[in-house]
Engineer: 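Below are the structure tokens for one structure; questions will follow.
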Amino acid sequence: MATHGFFGGNFGKPVDFSVGMLGNPWIFGGNFGKPVDFRWECWEFRGSLPFFPPAASLSGDTGVIHVVEQEQDLQWALAEGPHPPYMVLLDGSLFSREVLMQLKGSSRISGLAVAAASPAPSQGFSPGLKCPNDGFGVYSDTYGPQFAHCNGSQWNPSGSGLSYEDFPFPIFLLQDANETELIKDCYRAHNVPGPGAAAPPFPLCALQLQSHMHAAASTVTCMRRSSLQSAFSINPEIVCDPLLDFNVWSSLQPINASGRLQPEQRVVLAATRVDSHSFPFPVSHSQFPTPTPVIPFPSQETFDYIGSSRLVFDMEQEKFPLRLENVGAFLELGQVSLMNNSVLWMHTDPVSRRNQSVDAQVKQLLSALRNSGSSSGVSLQEPDVSQPLPPSSFQRFLRARSIPGAVLSDHRAEFRNRYFQSIYDTAESIGLRYPEGMSPEEQLEHVTDTAQALARVATLVARALFLLAGGQNGTESIRANEKTVARLLFGFLLNSNNSWFQSLIKPDQKGILGPFPQHYVAVSSPTNTTQLLQAVLGNLTGISANLSREQCQNPGKTPGTMPELYEYWWVQGPLDGNSSSRIPGCVRSGVRLSPALSPAFELRRWDSREFSTWTESRWKDIRARIFLVASRELEVTRGGPWVIPIPQFPNLLNSRCPQYPKPPNSPIPNLLNIPNFQIPNLLNSRYPQYLKF
């Protein structure tokens, strides 16, 4: 796969202004009087296929700013403007494949800053592929070749594939309207073409984007270089790292984490894609003993099913308590937040259903779903029997074994989500809205329409699992708690730093809470979302254990704790009344973690076509600044450069990057009244000197 190649960032402090010089052949800039603090940045990914990486220079990419608010404005930067290279500030409504391919094909473009569209584009925007995870699912030339490469089923028709393009320049996103206006003010004051498309006079306003990534060519190349460095250098220069996190899994009946289920035991799998908010659950055959429900949450599924492929690999290698033969059935919850008239679609695999035994078990699963849906307020329908499975974790299990299963989704064919894998795929896009004037804690407890709809889906799934696990009567009493669903939505999509999440975590985990949850894929793990999911699932499925802090943190020393069956967490607990102190306690649950590192890296098969090979580039510095540039003649004699560092923001193409509150409004300097001052002759001075006005 090709690189994402997009970079961005977010500053948490007001912008700091300073004056200086940069020893660039024609542009004056300078070192900042005070370093600018940024909170986050997106970075570069690499796959197994070779390609040419984005040419982000080590010292930064610089160009004259040109604002593009209409498509015809592109011509000045692409052909007419006399002062290339240009840094384009693009209106978010124009951010499309057509426009970016024009910019990519021009040597006159040195970088791109995108002003996020607000509200989100009504026509939708998805930088992902039309056929997500193509080549890593179950359909291939040997299994359902008529369905391979999404033949006849374009799941994401609005996908532009921009996330998988290589661009020879950095791309930054500006989410703060004040920062966007700052750049536009500088452009209007200095760079607007004159009458008859006359060239604007100097000084001109310029922008520098610095986002150099160390990885080279492909995963094969960068991993080989890193491996050689690690083997022969005391201080190795690692240039890239494999994507790494943990799958979260649990069982409703305790399972020995270091043991193995017996071959005759069956489980119903109910799993969820952590990075895309879907669920799979364990299901079993009725003719076998009552199954143990197991709930795995595969991580990093966006990147060619890293989590589920590792889960299957570990089952095959007997490095997991379950074997594939223990999996009786598989129920996965895909995209379900945009239901039309409370309708869910039950997707199954037409290839495996050609086997009569598998087909009979699939029908049993669908029957349990229909029976559960009639009383839960959700209508269930089947697409055409010849339609393949949508992108799902279930596909990785089917690659290894014919397992009866189904994937529930809100779409019959193409996704209803028009913002798939984009920065606009937010809580607002699924209708999560709150009455004005509510405090964060009031929003935490407020049951929205979205929460009510998803609670009905949760009720359906819970009742179906009860039936599949051997239950008979009494499903009417099974009902998902709407307030719990509301809390989960608020905590995982809007603000993880809330009173409920605070009470569930360990005292040393305060750093994982923030104003916006972080769902990005990382190389350091477990990620914040994974840790929060583990804490929440432990709270909802575990019990309070009457143990002291020392006993809870060292359960193996206390008789009767059975640490081989349970995990123990010493959590902060809720606040003690109106005081700032808390009531801590010990939680016992069956929630555990398993590695979500692609088997390709354990096998050292960096060019694998069987397993994901995504890596993340290392970097040293990511920043941006605007300043004025003098003419070539004034470069030697006089100049008046302002250096204005501006915040960097998360990449528009990569929805995994977190969003943060907008920084305070920064004062906009009067760029029209910049005092002149004398500068030293650069031809006779090795280092720039800073002079007073």
Side-chain angles (χ1 to χ4, degrees), residues 2-3 5-8 22 24-29 44 51-115 160 162 165-174 180 183-184 186-213 624-635 641 646 648 651-653:
T3 179
F6 301 124
F7 324 96
L22 177 68
N24 184 286
W26 70 280
I27 293 180
F28 296 145
E44 181 181 61
F51 59 88
F52 295 100
S57 66
L58 184 61
S59 59
D61 297 272
T62 309
V64 173
I65 296 172
H66 182 65
V67 175
V68 176
E69 296 178 325
Q70 303 178 54
E71 196 160 350
Q72 52 265 36
D73 297 336
L74 285 169
Q75 289 308 306
W76 182 264
L78 294 174
E80 301 171 1
H83 304 300
Y86 285 95
M87 280 282 179
V88 173
L89 174 58
L90 185 70
D91 187 272
S93 62
L94 297 176
F95 195 76
S96 64
R97 182 177 182 85
E98 180 183 1
V99 170
L100 262 70
M101 290 301 101
Q102 292 184 60
L103 299 177
K104 178 181 178 179
S106 174
S107 60
R108 293 166 55 90
I109 305 301
S110 59
L112 177 63
V114 182
S160 63
L162 285 175
E165 286 286 344
D166 302 325
F167 290 91
F169 47 74
I171 301 177
F172 281 58
L173 172 70
L174 297 172
T180 302
I183 301 176
K184 289 184 177 181
C186 191
Y187 166 81
R188 296 186 192 106
H190 299 278
N191 295 13
V192 176
F202 285 96
L204 298 175
C205 190
L207 172 65
Q208 183 182 61
L209 304 178
Q210 188 162 344
S211 58
H212 181 68
M213 296 281 140
R625 58 178 177 173
I626 61 175
F627 50 91
L628 295 183
V629 55
S631 66
R632 298 183 185 276
E633 294 77 13
L634 291 177
E635 181 179 300
I646 60 173
Q648 310 166 35
N651 179 359
L652 180 64
L653 300 185

Engineer: Any chance you could lay out the side-chain contact (heavy atoms from CB on, under 4.5 Å) test for Leu100 and Leu112, step after step, and finish with the verdict?
Structural biologist: CA-CA 9 Å; Leu100 262 70; Leu112 177 63; 4.1 Å; yes
Engineer: When rounded to the nearest 0.5 angstrom, what distance separates CD in Gln70 from CG in Asp91?
Structural biologist: 9.5 Å
Engineer: For Val67 versus Glu69, what's the shortest heavy-atom pair and its separation?
Structural biologist: CG1-CG, 3.7 Å
Engineer: Provide the closest heavy-atom pair for Pro170 versus Ser211 in the form atom of the first, atom of the second, distance.
Structural biologist: CB-OG, 3.2 Å
Engineer: Run Leu89 and Leu207 through side-chain contact (heavy atoms from CB on, under 4.5 Å) and show every step you take.
Structural biologist: CA-CA 10 Å; Leu89 174 58; Leu207 172 65; over 6 Å; no
Engineer: Can you see which heavy atom on Ala199 is nearest to which on Trp76, and at what distance?
Structural biologist: CA-CH2, 4.2 Å
Engineer: Is a side-chain N or O of Arg108 found less than 3.5 angstrom from the main chain of Ala77, in a donor-acceptor match?
Structural biologist: yes
Engineer: Between His66 (side chain only) and Asp73 (backbone N and O only), is there a donor and an acceptor less than 3.5 Å apart?
Structural biologist: yes
Engineer: Contact between Cys186 and Leu628 at the side-chain level, heavy atoms closer than 4.5 Å - yes or no?
Structural biologist: yes
Engineer: Would you say Phe167 and Ile109 make side-chain contact, with heavy atoms under 4.5 Å?
Structural biologist: no
Engineer: Looking at Leu162 and Ser96, what are the two nearest heavy atoms and their distance?
Structural biologist: CD1-C, 4.0 Å
Engineer: To the nearest 0.5 Å, how far apart are OH in Tyr187 and CE in Met87?
Structural biologist: 16.0 Å
Engineer: Nearest 0.5 Å please: distance from the CG atom of Asn191 over to the CZ atom of Phe202.
Structural biologist: 9.5 Å
Engineer: With side-chain contact (heavy atoms from CB on, under 4.5 Å) as the test, would you mind laying out the steps for Leu78 and Tyr86 before giving the verdict?
Structural biologist: CA-CA 9 Å; Leu78 294 174; Tyr86 285 95; over 6 Å; no
Engineer: Any side-chain heavy atom of Leu94 sitting closer than 4.5 Å to one from Leu74?
Structural biologist: no
Engineer: For the residue pair His190 and Pro203, establish whether any side-chain heavy-atom pair is separated by less than 4.5 Å.
Structural biologist: yes
Engineer: Starting at CD of Gln208, measure out to CZ of Arg625 and round the result to the nearest 0.5 Å.
Structural biologist: 4.5 Å
Engineer: Can you name the closest pair of heavy atoms from Asp61 and Ser110 and give their distance?
Structural biologist: CB-O, 3.5 Å
Engineer: Minimum heavy-atom separation for Val114 and Gly92, please, with both atom names.
Structural biologist: CG1-CA, 4.1 Å
